Number of protein chains: 2
Amino acid sequence: MFFSKSFGYALRSILYVVMVNETQPRVQIQEVAERLQIPKHFLGKIMKMLAKEKIIDSAKGPFGGFFVNDGTVSTPLLRLMELTDGLEQFQECSLRLKKCNADKPCPMHNRIVQNRNELITMFSSTTIGDLIRSDDKKFINSI
Amino acid sequence: MFFSKSFGYALRSILYVVMVNETQPRVQIQEVAERLQIPKHFLGKIMKMLAKEKIIDSAKGPFGGFFVNDGTVSTPLLRLMELTDGLEQFQECSLRLKKCNADKPCPMHNRIVQNRNELITMFSSTTIGDLIRSDDKKFINSI
DNA sequence: TGATAAAAGGATGCGGACATCTTTTATGGT
DNA sequence: ACCATAAAAGATGTCCGCATCCTTTTATCA
Ligand code: FES
Ligand code: FES
């Protein structure tokens with residue numbers, strides 16, 4: 001289940017930039033696209049958006065590229081999800097009925113609300129940096 | 001979050017048929033579509049599929065329509081999900097990497113696997129009948 | 001200052017989920 | 001036998017996520 005491709009691309013790209021930046025000041029789209037097997041031009045759009053939203057920074061010109069800024073590692077996953085997928089999926093009724101509320105719950109509501117809240121909590125409290133620290137460097141092979 | 005519209009339509013329609021069938025032997029697409037505010041022709045496709053898969057039964061001709069069968073109320077939600085959305089979303093990596101496995105977990109894996117398993121358990125163990133019993137008749141206004 | 005490199009930006013295309021409409025087939029009542 | 005009715009079937013259309021490509025802008029360096 002079930003995040004958009006954009007979310008996955010964005011997350012993996014940021015992780016890659018953060019890790020590579022430890023030894024290398026700039027990372028270019030070309031490199032990210034190749035290493036992470038992401039369509040280059042599509043990735044361009046995503047990283048441009050991430051830069052505009054100040055999740056990462058970018059520099060044009062020769063020796064340009066993308067690089068982390070002060071906020072990068074403390075970005076919560078929820079913020080990323082907001083940018084790529086929007087937050088409606090967390091807030092609206094799972095059956096897309098008018099309004100998810102405890103007074104007039106849809107048939108699924110009581111079965112799903114706890115699970116959903118746990119997910120929201122995880123997305124709110126987990127940051128980019130958390131992912132890197134917890135899994136150590138090992139997973140660079142699997143992003 | 002984040003079931004397909006088809007899943008929502010299917011679930012609500014079945015619930016409606018089950019409940020109405022207590023006092024009325026057949027239910028027609030027209031009626032379901034109006035009461036549940038679902039596009040009629042699209043609903044036709046879905047209910048045809050549900051009938052073919054024996055989740056409900058159908059009868060053509062005058063006084064025809066859809067009606068429950070012996071298995072309807074004991075259908076697990078997971079079976080419904082399988083028919084409308086497929087089960088891949090439960091099985092594959094949330095970042096759509098090759099294979100979700102504990103040996104080479106993606107960065108999200110450990111953050112999400114428990115939540116996902118809880119969801120699978122709920123979908124496996126909850127049936128159409130469960131939904132009707134637990135919420136009693138009240139929610140007929142909100143399907 | 002001009003050549004070059006890389007991101008920013010925009011136009012276009014593709015496929016699948018969602019939706020509508022029309023035709024065919026089966027059924028029960030007359 | 002015939003007709004009205006309703007599901008089955010299928011053709012067609014729309015929209016959006018995903019993807020590609022091309023042009024423009026900005027920065028660097030010889
Ligand atoms: S009312 Fe549907 S999930 Fe809350
Ligand atoms: S490896 Fe990605 S969710 Fe399990």
Side-chain angles (χ1 to χ4, degrees), chain A residues 1-14 17 20 24-34 36-69 81-86 88-89 95-96, chain B residues 2-14 17 20 24-34 36-69 81 83-86 88-89 95-96:
Chain A
M1 96 210 205
F2 3 35
F3 314 133
S4 72
K5 290 198 177 184
S6 291
F7 175 80
Y9 292 163
L11 175 62
R12 293 165 59 212
S13 299
I14 296 172
V17 170
V20 169
Q24 174 183 332
R26 303 285 164 87
V27 191
Q28 293 169 7
I29 288 183
Q30 180 73 27
E31 178 183 339
V32 180
E34 279 175 11
L36 304 190
Q37 295 271 78
I38 299 174
K40 185 169 74 173
H41 295 98
F42 191 46
L43 180 60
K45 281 195 161 179
I46 293 171
M47 296 191 75
K48 169 181 62 178
M49 179 272 291
L50 293 174
K52 180 193 261 182
E53 299 289 342
K54 303 288 179 198
I55 309 298
I56 53 180
D57 281 356
S58 67
K60 292 183 178 183
F63 304 94
F66 294 89
F67 50 99
V68 301
N69 62 33
M81 178 66 66
E82 181 181 11
L83 295 175
T84 57
D85 301 30
E88 301 77 19
Q89 55 185 317
L95 298 185
R96 313 192 196 202
Chain B
F2 2 39
F3 313 132
S4 72
K5 290 198 177 182
S6 292
F7 175 80
Y9 292 163
L11 175 61
R12 292 165 60 213
S13 298
I14 296 173
V17 170
V20 169
Q24 176 183 330
R26 305 283 164 89
V27 191
Q28 294 170 5
I29 287 183
Q30 180 73 26
E31 178 183 339
V32 179
E34 280 175 10
L36 304 189
Q37 295 271 79
I38 299 173
K40 185 170 73 172
H41 295 98
F42 190 47
L43 180 59
K45 282 194 162 180
I46 292 172
M47 297 190 74
K48 168 183 63 176
M49 179 272 292
L50 293 175
K52 180 192 265 184
E53 298 289 342
K54 302 290 179 198
I55 309 297
I56 53 179
D57 282 355
S58 67
K60 291 183 178 182
F63 304 95
F66 294 88
F67 51 99
V68 302
N69 63 33
M81 178 65 66
L83 295 174
T84 57
D85 300 32
E88 300 77 19
Q89 55 184 317
L95 298 185
R96 313 193 194 201

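So you know, we letter chains A, B, ... as the sequences are listed, proteins then strands, and number each from 1. Just so it is clear, the model here is predicted, and its values are computed rather than measured.
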Asks: Write down the atom of Ile56(A), the atom of Phe66(A), and the distance for their closest heavy-atom approach.
Replies: CD1-CD2, 3.7 Å
Asks: What closest approach, in Å, do Pro25(B) and Phe67(B) show between heavy atoms, and which atom pair accounts for it?
Replies: O-CB, 3.3 Å
Asks: Where do Ile46(A) and Ala10(A) come nearest, in terms of heavy atoms and distance?
Replies: CG2-CB, 3.8 Å
Asks: If you assign Ser4(A) and Pro62(A) each to the DNA chain D nucleotide with the nearest heavy atom, which residue ends up on the more 5' nucleotide?
Replies: Ser4(A)
Asks: How many angstroms lie between atom CD of Gln30(A) and atom CG of Leu43(A), to the nearest 0.5 angstrom?
Replies: 10.0 Å
Asks: Are any protein N/O atoms closer than 3.5 Å to N/O atoms in nucleotides 8-16 of chain C? If there are, list each pair with its distance.
Replies:
residue : atom : partner  : partner atom : Å
dA8(C)  : OP1  : Ser58(A) : OG           : 2.8
dA11(C) : N6   : Lys45(A) : NZ           : 3.4

Asks: With DNA chain D as reference, determine whether Phe42(A) or Gly65(B) sits nearer its 5' end, using the nearest nucleotide of each.
Replies: Gly65(B)
Asks: State, without any angle test, whether Gln28(B) and Glu34(B) hold a side-chain donor-acceptor pair at a distance under 3.5 Å.
Replies: no
Asks: Tell me the closest heavy-atom pair linking Ile29(B) and Gly44(B), and the distance in Å.
Replies: CD1-CA, 3.5 Å
Asks: Could you tell me from which nucleotide to which nucleotide of DNA chain D, 5' to 3', there is an atom under 4.0 Å from chain A heavy atoms?
Replies: dC18(D) to dT28(D)
Asks: If you take all heavy atoms of Lys54(A) and Asn69(A), which pair is closest and at what distance?
Replies: O-ND2, 2.9 Å
Asks: Counting any heavy atom closer than 4.0 Å, what does Tyr9(B) reach on the DNA or RNA strands: base, sugar-phosphate only, or nothing?
Replies: sugar-phosphate
Asks: So, does Lys5(B) get its side chain near the phosphate of dA19(C), meaning an N or O under 4.0 Å from OP1 or OP2?
Replies: yes
Asks: Quick one: Lys54(A) NZ to dA7(C) P, roughly how many Å, whole number?
Replies: 16 Å
Asks: Can you tell me how far CD of Glu82(A) sits from CD of Glu88(A), rounded to the nearest 0.5 angstrom?
Replies: 9.0 Å
